[in-house]
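A short write-up of the structure that comes next.
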Amino acid sequence: MPSTPPAAPSSPRTDPGSGFSTRAVWAGAAAHNPGSATVMPVSLGVTHAYDDITRWREVATGRRPGHVYSRNTNPTVEVFEAKVRALEGAEASTSFATGMAAVSSTLFAILSPGDRVVGIRDTYGGTDRIFNEFLPRWGVEVVLCDTGDTAAIEREVAAGCSVLYLETPTNPTLKVLDLRRLATAAHAAGATLVVDNTFATPVNQNPLALGADLVLHSATKFLGGHSDAMGGVVCGSEELVRRIFHYREINGASLDAMSAFLLTRGMQTLELRVERQNASAQRIAEFLSGHPAVEAVHYPGLVSHPGHEVATGQMRGFGGVLAFQVRGGNSAMEQVVTSLKLAHRAASLGSVGTLVGPPSLTSHVELTAEQRKSLGISESLVRYSVGIENVEDLLEDLERGLRAV
Ligand SMILES: Cc1ncc(COP(=O)(O)O)c(C=O)c1O
């Protein structure tokens, strides 16, 4: 059968439209893929060949767009980066092998020994280790404030720092930080504001529009959305992202093409999934708050949540993760968790399937029980990441699980 020569790949579409899902589907997509395929290829090549040495030199020295070696840039990875950039409304973006690589590369790229960084006590456990274990060893002064005390954060920032690092809502107790107010404080002190937006997703919150300088994600969670690929990403100005990209290309925590393909495929349905997860999480949080077997529920969509008003002013939805405290301590919690039929008892969050687990075994396993207690993470706290299942089924499952105690 005669074959048609493949159409030459062309440059990405520059105007993907303004609607969220329109951008999620079209941003970064090439106008023509090889062979006129409607889906982008997975560019597994590690290296890119040049017969023309002048052209090779121009690409290798950054004077002409193109690819040389996949630790630096890769065509499939570039599409993933373009999509996140479009969804976060950023000038530039770069990607990483994991969310932790995004967190650590960002901090190590923009901080120097002797600098002072202000952060909050409630961050993802891995991030907490960067602050408490690695940055101090590297000669960076770290000040972690009570997450609920915005005035204390402002005071520490005003005392001088080069970076203010926030996560909102926080993992796993869903605390909410006022990004507009803290961006003003950071900029008055000449600091760079970095925000981990993993829990909110760009569907619910765009930190750059609220004043942040850099926004980062564990793409392993909601962005990919299927628990089948790991990745991380940071977005911000050309100037900042160029420095972080350079750190990553040399230190080597680069996203691979296969993961970039899976994450990019997942991101096309991000809005559909997150809208569903927002609505289901709200129903579940309301159900749990009225349940006699539940002592406390942490979800910013609840009017009783201390951050509800701030969340309403900066988020378009409250997200798909909540945490709850089972009455009766550890054994009651274990009974509830093991009775659930529609949840993977597993680490991670943000997937199409509901994921449930105690932070003492997942996000904060690296901390001691004492350290967790000081953060309000009791051993019987349950983190519940709502999937896209039918919410009536999830409610029935939870009701059955709670009846077990
Ligand atoms: C808020 C937050 N940031 C960063 C990370 C790290 O992401 P990864 O596991 O992809 O390295 C996680 C992981 O759970 C997280 O929850």
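By convention here, the first residue in the shown sequence is residue 1. Counting starts at 1 for both ligands and their atoms, following the listed order. What you see below is based on every heavy atom in this structure, not just the backbone, and it leaves out hydrogens, waters and symmetry mates.
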Under 3.5 Å, sequence neighbours excluded: what are the donor-acceptor pairs made by side chains of residues 398-405?
unit_1	atom_1	unit_2	atom_2	d
Arg400	NH2	Asp397	OD1	2.4

Handout entry: Qualifying side-chain hydrogen bond (donor to acceptor under 3.5 Å, both in side chains) pairs, either residue in residues 304-328, two or more places apart
Key =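 Every side-chain hydrogen bond (donor to acceptor under 3.5 Å, both in side chains) pair that includes a residue of residues 304-328, provided the two are not neighbours, is Asn206-Arg316, Gln325-Ser378, Gln325-Ser380.
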Exercise for the section: Determine whether the side chains of Glu78 and Thr73 contain a donor N or O and an acceptor N or O closer than 3.5 Å. Expected result: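 Side-chain D/A pair, Glu78 to Thr73: absent.
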Practice task
Indicate whether the side chain of Asp122 and that of Thr170 have a donor and an acceptor atom separated by less than 3.5 Å.
Solution key: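 Their side chains do not contain a donor-acceptor pair, so the 3.5 Å distance test is not met.
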Put together the list of close N/O pairs, under 3.5 Å, between ligand 1 and the protein, could you?
unit_1	atom_1	unit_2	atom_2	d
ligand 1	3 (N)	Asp196	OD2	2.7
ligand 1	7 (O)	Ser218	OG	3.0
ligand 1	10 (O)	Gly99	N	2.9
ligand 1	10 (O)	Ser218	OG	2.8
ligand 1	10 (O)	Thr220	OG1	2.6
ligand 1	11 (O)	Gly99	N	3.1
ligand 1	11 (O)	Met100	N	2.8
ligand 1	14 (O)	Lys221	NZ	3.1
ligand 1	16 (O)	Asn171	ND2	2.9

Handout entry: By side-chain contact (heavy atoms from CB on, under 4.5 Å) - contacts of Ala183 (at least two apart)
Key =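 His187, Leu193.
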Problem - Test side-chain contact (heavy atoms from CB on, under 4.5 Å) applied to Phe80 and Arg85, Met267, Met40, the passing residue - result: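 Single pass found, and it is Met267.
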